[in-house]
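Take a look at the structure set out below.
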Amino acid sequence: SQQGEEDPQALSIQEGENATMNCSYKTSINNLQWYRQNSGRGLVHLILIRSNEREKHSGRLRVTLDTSKKSSSLLITASRAADTASYFCATSTSGTYKYIFGTGTRLKVLA
Amino acid sequence: SQTIHQWPATLVQPVGSPLSLECTVEGTSNPNLYWYRQAAGRGLQLLFYSVGIGQISSEVPQNLSASRPQDRQFILSSKKLLLSDSGFYLCASFWYTQNTEAFFGQGTRLTVV
């Protein structure tokens with residue numbers, strides 16, 4: 001399967017804590033993106049990191065990328081109940097037009 | 001920015017019936033278009049993608065097919081649905097040549113009974 005892997009599959013934390021989720025992929029990439037999906041809805045883009053970047057911030061989000069390990073992490077700081085959702089990484093594969101998603105992490109933030 | 005229209009939102013179809021899901025894109029031209037399927041509680045599986053009119057690449061042939069009759073229209077079809085075709089189908093538009101985000105429709109939840 002070309003699908004990336006994310007861990008943990010599920011994560012439950014208290015409001016105010018930080019949430020970290022990881023993504024591993026299998027191919028050379030142009031960029032890696034993180035998306036959020038609320039239950040039964042379409043995906044919403046959170047942040048994009050290019051293959052030549054190592055870290056990127058956006059509000060409470062921090063993304064890192066290690067192309068040598070083919071892995072990325074998403075950190076959500078000071079989590080809120082509204083952050084409860086599934087989070088997916090997606091990679092734009094070099095040399096193809098494929099856009100491959102990971103298996104996702106289901107985050108639950110308890111109020 | 002782009003807007004992806006996908007319909008219907010929900011669909012219940014009997015086994016063996018045909019399927020046609022339509023996706024249209026506004027706000028851009030010549031996008032790359034994608035069909036994904038998501039099983040309950042799972043990740044997104046790439047089914048088809050298209051880089052232009054009439055150009056379809058299949059990742060998971062099975063009994064599904066896709067067509068792109070117009071630049072901003074992408075259709076997912078089946079002649080005879082199987083129970084295993086149930087799932088959440090998402091259409092996405094993505095500019096491959098630029099480091100930009102993908103835009104998603106709101107999805108169609110298909111239940112084959």
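By convention in this document, chain letters (A, B, ...) are assigned in the order of the sequence lines, proteins followed by strands, and residues within each chain are numbered from 1.
With no hydrogens or angles considered, a side-chain donor-acceptor pair links Thr64(A) and Ser73(A) at under 3.5 Å. For Gln33(A) and Asn31(A), the side-chain atoms include at least one donor-acceptor pair closer than 3.5 Å.
By the neighbour-count criterion of 12 heavy atoms within 6.0 Å, atom CZ of Arg60(A) is densely surrounded, having more than that number from other residues, nucleotides or ligands.
In this structure, the portion of Arg106(A) lying under 4.5 Å from any heavy atom of chain B is its side chain and not its backbone. Of the two parts of Gln37(A), only the side chain, counted from C-beta on, holds a non-hydrogen atom closer than 4.5 Å to a non-hydrogen atom of chain B. Looking at Phe103(B), neither its backbone nor its side chain comes within 4.5 Å of chain A, counting heavy atoms on both sides. Contacts between Gln38(B) and chain A at a heavy-atom distance below 4.5 Å involve the side chain alone, from C-beta outward.
By the 4.5 Å heavy-atom criterion applied to side chains, Ser92(A) and Phe94(B) are counted as neighbours. With a 4.5 Å cut-off on side-chain heavy atoms, Gln55(B) and Ile53(B) do not count as touching. Side chains of Asp83(A) and Arg36(A) form a contact here, defined as non-hydrogen atoms less than 4.5 Å apart. Contact check for Trp35(B) versus Ile56(B): no side-chain heavy atoms found under the 4.5 Å cut-off. Residues Leu76(B) and Phe48(B) form a side-chain contact, since some pair of their non-hydrogen atoms from C-beta on lies under 4.5 Å apart.
Here the two rings, on Tyr36(B) and Phe101(A), have centers that are under 6.0 Å apart. Note: Tyr35(A) and Phe88(A) fail the aromatic proximity criterion, with ring centroids not under 6.0 Å apart.
Taking non-hydrogen atoms and a 4.5 Å limit, the residue list of residues 15-25 of chain B in contact with chain A is empty. Residues of residues 104-113 of chain B lying under 4.5 angstrom from chain A, judged on non-hydrogen atoms, are Phe104(B), Gly105(B), Gln106(B), Arg109(B) by number.
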* Asked: side-chain contact (heavy atoms from CB on, under 4.5 Å) between Val63(A) and Ser72(A): does it pass, once the steps are laid out?
  -> CA-CA 7 Å; Val63(A) 170; Ser72(A) 173; 3.7 Å; yes
* To do: Walk me through it: do Ser93(B) and Gln2(B) pass the test side-chain hydrogen bond (donor to acceptor under 3.5 Å, both in side chains)?
  => CA-CA 8 Å; Ser93(B) 170; Gln2(B) 300 180 37; 2.5 Å; yes
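Here Leu43(A) is the residue among Leu43(A), Leu46(A), Ile47(A) with the most heavy-atom pairs under 4.5 Å with chain B.
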